[in-house]
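Small disclaimer: the values here were computed from a predicted structure and weren't measured.
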Amino acid sequence: MKFILVLFIISCNTKQAEVSKWTDEEKDVTYKECIAYAIDIRKMSVDKSDNYCQCTLDIITTEFESNEDAQIKIGNDKSLRSLFEVCDN
């Protein structure tokens with residue numbers, strides 16, 4: 001049982017290290033683009049858009065290697081947008 005737990009922790013840390021290729025600038029640009037989308041298109045309040053975009057940024061930086069990677073993959077597979085449904089709450 002301890003072996004499985006250790007393996008799980010190592011796997012999680014390895015995955016996190018692999019996807020931490022996002023620069024602060026990419027995160028900032030992605031967040032700002034999200035805020036504009038949330039306010040202008042989705043008609044969210046400033047507070048709600050901030051919460052929504054923090055949530056989506058957490059997901060996108062975990063699931064994709066970079067902003068470019070996210071744009072390409074989400075552009076090619078619209079079903080990936082469902083990853084962000086949890087952020088609507």
Residue list, side chain to side chain contact (heavy atoms under 4.5 Å, CB included) with [X], at least two apart or on another chain:
X: Tyr31; value: Ile35, Asp50, Cys53, Gln54, Leu57
X: Val46; value: Ile39
X: Lys73; value: Phe64, Asp69, Leu80

Would a 4.5 Å heavy-atom cut-off, applied to side chains only, mark Gln71 and Glu68 as touching?
-> no
Close side-chain approach of Val86 to Ile59, heavy-atom, < 4.5 Å | yes
Any side-chain donor paired with an acceptor under 3.5 Å for Ser79 and Asp77?
-> yes
For the atom pair SG (Cys34) and CD1 (Ile41), what is the distance rounded to the nearest 0.5 Å?
-> 12.0 Å
What's the spacing between Lys21 NZ and Thr61 OG1 if we round to 0.5 Å?
-> 14.0 Å
Begin from the C-alpha positions of Glu33 and Asn67 and carry the test side-chain contact (heavy atoms from CB on, under 4.5 Å) through to its verdict.
-> CA-CA 11 Å; Glu33 288 172 350; Asn67 186 316; 4.3 Å; yes
Would you name the heavy atoms of Cys87 and Thr56 that are closest together and state the gap between them?
-> SG-N, 3.4 Å
What are the two closest heavy atoms between Tyr52 and Ala38, and how far apart are they?
-> CD2-CB, 4.2 Å
Could you give me the CA-CA distance, side-chain angles and deciding distance for Phe84 and Ile74, then say whether side-chain contact (heavy atoms from CB on, under 4.5 Å) is met?
-> CA-CA 11 Å; Phe84 309 109; Ile74 294 170; 3.9 Å; yes
Is any NZ, NE, NH1 or NH2 atom of the basic residue among Arg42 and Asp88 found under 4.0 Å from an Asp or Glu carboxylate oxygen of the other?
-> yes
